[in-house]
Number of protein chains: 2
Amino acid sequence: MKENKKSVETQELILKTAKDIFAQKGYAGARMQEIADAAGINKALLHYYYRSKEKLFDQVFEEAFKKLAGPLATFLADDSELFQKIRNICKHYNNVLMEYPFLPNFILNEVNTDPTRILKLINVEGVMLGKEKTLAQISKAVEDGVIREIDPRELILNIISLSIFPFAGKPIASELLYKNVDYNKILNTRADKVSDFIIQSIKK
Amino acid sequence: MKENKKSVETQELILKTAKDIFAQKGYAGARMQEIADAAGINKALLHYYYRSKEKLFDQVFEEAFKKLAGPLATFLADDSELFQKIRNICKHYNNVLMEYPFLPNFILNEVNTDPTRILKLINVEGVMLGKEKTLAQISKAVEDGVIREIDPRELILNIISLSIFPFAGKPIASELLYKNVDYNKILNTRADKVSDFIIQSIKK
DNA sequence: ACTTTTTTTAACCAAATGGTTAAAAAAAAG
DNA sequence: CTTTTTTTTAACCATTTGGTTAAAAAAAGT
């Protein structure tokens, strides 16, 4: 098993396909045979590259999580002014989730069935550092009287909630609120509105 | 199989136990044997009352969904003034989810793997009627200049996002933002703060 | 006490599933 | 052309899993 061009291509194909299947059915619901079929290869080759279902899943999950957390850390850590930072984060979530709409459900669900998974990943990627910085930034904005009194953690939780839930709850939201409308279009234009909603709420 | 006292008790015990297991592991991840063990009965008795895994799951899911949707419909449909209604809904979600914190993940996940499930349930319970009424109420508030310009559907989606996500994302939020703090306590006092956050954002 | 219902026990089954193996065929690299 | 690597095929295996069955035991109802 050397790293030939074809070999790498196949491994990427497997990973991409596994991502789709795992995202839709979860770890327990996904079938190795199904992944193989969807990738247009056979089960033996699956095990040739990824020894077991769990190893395959771990890799898929880690990549998925990093896709969300990595750039978020960057935004949290940078030096832009608070309102601009909020806009950046909302935009970031929206961009990532438009491309990988399955991420929220996938992560939420697998973290729920095995909460230790998140512990292994959350401390990497510099998320914690960026978070501390942003928390302090919010606190200072409150003290300086730039924004209303609000618990910084609460504000961050609100930002995340407003950014992620509409993707996680897509089937329900589109059925309940946006029937006969292109929900993806709604999501696409949502980032700015969410930012406005948040800033409107905290500004003085 | 008559409806004796003991019989009913057992069926309720099964349902309650199945709820826990399904909530934690999802449909695919749950095992009938596990449910039987957790309920302190044997597998044969499980099938004696609920013929199949799917029938058992359907009942569990329906009850879970109704627990969320039923009272929501009531709040949506009533005649209180908009701001009060927002507070009622936030409070409602918080109350239900404090008691059944697994509901969001459970519903989100199962709806994701089988989106037709929601279609069968969302039209019952008068949710749609209440929703229409509240949408109209919001539109009117905008027209009357009571609140800022906002798409009514967007506002409702924001309310739901802020109310539900903190429960669905509990493992992540508590690890990321509220480490070494009792997250349940945070959730418990959140409803009012969420209402304030929303109202602050839309009021003129 | 007698009857009916509920529950247990334990063996059993068929299908599904993750995973393995070995040999052949196809493709790539040298 | 030869060698090495990748991929397929297909049979195979052990385990898990949902589900069944039948008979006995326990409990409840009368």
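Chain naming here is simple, since letters A, B, ... match the order of the sequence lines and numbering starts at 1 in each.
- Using modelled atom types, one finds a donor on one side chain and an acceptor on the other under 3.5 Å when comparing A:Asn158 with B:Arg190.
- Side-chain proximity of B:Ala44 to the nucleotides C:dT7, D:dT8, C:dT9 is greatest for C:dT9.
- Here A:Ala36 lies out of heavy-atom contact (under 4.0 Å) with every strand.
- Which of C:dT7, D:dT8, C:dT8 sits closest to the side chain of B:Asn42 comes down to C:dT8.
- Remark: C1' of C:dT7 and CD1 of B:Ile14 are 11 Å apart, rounded to the nearest angstrom.
- Rounded to whole angstrom, the span from the CG atom of A:Leu45 across to the P atom of C:dA26 amounts to 16 Å.
- Rounded to whole Å, atom P of D:dA27 lies 14 Å from atom CD of B:Glu9.
- Rounded to whole Å, the distance from NE2 on A:His47 to P on C:dT17 is 13 Å.
- With hydrogens and angles ignored, a donor-acceptor pair closer than 3.5 Å exists between the side chain of B:Lys43 and the base of D:dG19.
- Look at CD on A:Glu34: it is 10 Å from P on C:dG18, rounded to the nearest Å.
- In this model, the phosphate group of C:dT7 is approached by a side-chain N or O of B:Thr10 to a distance below 4.0 Å at OP1 or OP2.
- Scanning all heavy atoms of the two residues, the minimum distance from A:Val127 to B:Leu176 falls at CG1-CD1, 3.7 Å.
- The NZ atom of A:Lys55 sits 9 Å away from the P atom of C:dG19 (whole-angstrom rounding).
- Checking C:dA29 for Watson-Crick or G-U wobble geometry (two distances, each under 3.5 Å) identifies D:dT2 as its partner.
- Whole-Å rounding puts the B:Tyr49 OH to C:dT5 C1' distance at 8 Å.
- For the OP1/OP2 pair of C:dG18 and a distance below 4.0 Å, the side-chain nitrogens and oxygens of A:Arg31 include at least one atom meeting the criterion.
- Judged by distance alone, the side chains of A:Gln24 and A:Asp20 never bring a donor and an acceptor atom under 3.5 Å apart.
- In this model, the phosphate group of D:dT21 is not approached by any side-chain N or O of B:Tyr48 to a distance below 4.0 Å at OP1 or OP2.
- Straight-line distance from the NZ atom of A:Lys25 to the C1' atom of C:dT17: 14 Å, rounded to whole Å.
- Heavy-atom neighbours of B:Lys25 NZ from other residues, nucleotides or ligands within 6.0 Å: at or below the threshold of 12.
- Between the side chain of A:Gln200 and the backbone N or O of A:Ser195, no donor-acceptor pair lies under 3.5 Å.
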